[in-house]
Amino acid sequence: MDPTPPMSFARSDAARARLHELVPGGAHTYARGDDQYPEHMAPILVRGNRCRVVDRDGNEYVEYGMGLRSVTLGHGYRPVVDAVTAAIADGVNFSRPTESELLAAEDFLALTPGADMVKFAKNGSDVTTAAVRLARAVTGRLTVAACDQPFFSVDDWFIGTTAMDSGIPAPPTVRFPYNDLPALEAVLAGHDVACVLMEAATALHEPLPGYLDGVRALCDRYGALLVFDEIITGFRWSSGGAQRVYGVVPDLSCWGKAMGNGFPISALAGRREYMELGGLRTDRPRVFLLSTTHGPETGSLAAFRAVAHAYATTDPIGRMEHAGQRLRAGFEEITAELGIADHLRIAGRSSCLIFQTLDPSGAPSQEFRTLFLQELLRNGVLGQSFVTSAAHTDADIDHTLAACRAAARLYRRALDEGSVDRFLAGRPVAPALRRYAEPRRLEGVTR
């Protein structure tokens, strides 16, 4: 097989080379890095509309993941764009609070079960770290119990628990497995825990019956605050997050991603008795909760309010789930026909699907993942997952399934040969959070 892609990436390649001269890693998010895509097939995008994107070379793709799951209504969604345009025409940032902050807070708290107060920021890490800081102040303890889930923050208390811990002192953070109440109780009994921080559910893991209620009860028994990370589940499970779906109310919750349809906004919400420690109506030592120049800028607040309106008046979640259901059914039909359903799988919540790539022995494989990504790209599909948006139409799903069929046929050939070597046009992808740049280190960089 000719390893040369049938489309040109020449202009993207030139931009990528220049980016690596100017930006460490060539991207501002590790999950967007070149090492997360097939070598020499990592497009540099120039525009998008709904769920379609175009790269520098003019190649068009159906996109999945949509801004690392932050865009649920579609790129360039007109009501959000119009709301932001109108807001910023009257000014973006001021030296006093604006009416937009009041209106956005009212809108947000109307959606969030059990939350009395909110502070807006820009990134998910801002608000998860603020929640940790507040929990430590409330309890007088330092230890964070963080669930064994992929990602919570760029800050030391979490990144120090990952392979990319260079330059970080050992954090007072302990991990616990999901859906295992005895394991959590052992952590709480063995440490002075300030907070239990977790996603109530993930794409692959739903809470067992009674699990979240049990977590709530354990936090109350041991005096730890319960913090839900709703950064993915918020506006994807429901507009009120996973807490509304499962009926368990945390002490604090952290939001971001889809609440702005791609505009930079996040939120920390919680019970008044705790949130007031960052305000002016307390006699206790004050908590430096959140204080950001750009947290209340008018454009992102307007984006959030337009998103909230869209969720109240239309059914984005229903459309995401419909697209995911069609994609799952078609994908499973393809892999069953080819006899590879045990090696190429689709899994997860319908609105938050991922694909799983296994080698001939049934082990997860970065090499086979890269082959699948490579063939999707060649057939006009871009995505590290099959996370849908409300903008994915039946036609987009049909396009994707045609790409999946072509990719799955080659996948079957590689399985039959026991290797991707004859089919892969470069080095395999690598985990985003790893200690060394190898196995995707680039030349020309000082050691």
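Just so it is clear, the structure is predicted and the values come from calculations on it, not from any experiment.
The aromatic rings of Phe151 and Phe158 stand perpendicular to each other, their planes meeting at an angle above 60°, with 30° marking the opposite boundary.
Here the straight-line distance linking atom CZ of Arg413 with atom CZ of Arg422 works out to 5.5 Å at 0.5 Å rounding. Note that NE2 of His40 and CG of Asp34 are 10.5 Å apart. Values are rounded to the nearest 0.5 Å. A distance of 10.5 Å separates CG of Asp148 from NE2 of His205, quoted to the nearest 0.5 Å.
Heavy atoms from other residues, nucleotides or ligands lying under 6.0 Å from CZ of Phe94 number more than 12. Other residues, nucleotides and ligands place no more than 12 heavy atoms under 6.0 Å from the CZ atom of Arg50. Residue Arg175 places its CZ atom among more than 12 non-hydrogen atoms of other residues, nucleotides or ligands, all under 6.0 Å distant.
Between the His392 side chain and the Glu63 main chain, a donor and an acceptor come within less than 3.5 Å of each other. Checked by atom type and distance alone, the side chain of His294 never pairs as donor or acceptor with a backbone atom of Lys122 at under 3.5 Å. With hydrogens and angles disregarded, no donor-acceptor distance shorter than 3.5 Å links the side chain of Tyr37 to the backbone of Arg32. Proximity of a side-chain donor or acceptor of Ser385 to a complementary backbone N or O of Ile354 within less than 3.5 Å is not detected. Of the possible polar contacts, one joining the Asn261 side chain to the Thr72 backbone as a donor-acceptor pair under 3.5 Å is found.
Under 4.0 Å is where a charged nitrogen must lie from a carboxylate oxygen, and between Arg52 and Asp396 at least one such pair does. Ion pairing of Arg11 with Asp57 is absent here, as no side-chain N (NZ or NE/NH1/NH2) approaches a carboxylate O to less than 4.0 Å. Salt bridge annotation for Arg441-Glu438: absent, with no cationic side-chain nitrogen under 4.0 angstrom from a carboxylate oxygen. A salt bridge is defined here as a Lys NZ or Arg NE, NH1 or NH2 lying under 4.0 Å from an Asp or Glu carboxylate O, and Asp13 with Arg16 meets this definition.
For the residue pair Thr400/Tyr64, the side-chain donor-acceptor check at 3.5 Å is satisfied. Counting only N and O atoms by type, the side chains of Asp155 and Thr129 include a donor and acceptor under 3.5 Å apart.
Cys254 pairs in a side-chain contact (heavy atoms from CB on, under 4.5 Å) with only one of the listed residues (Val227, Val132, Asp126), which is Val227.
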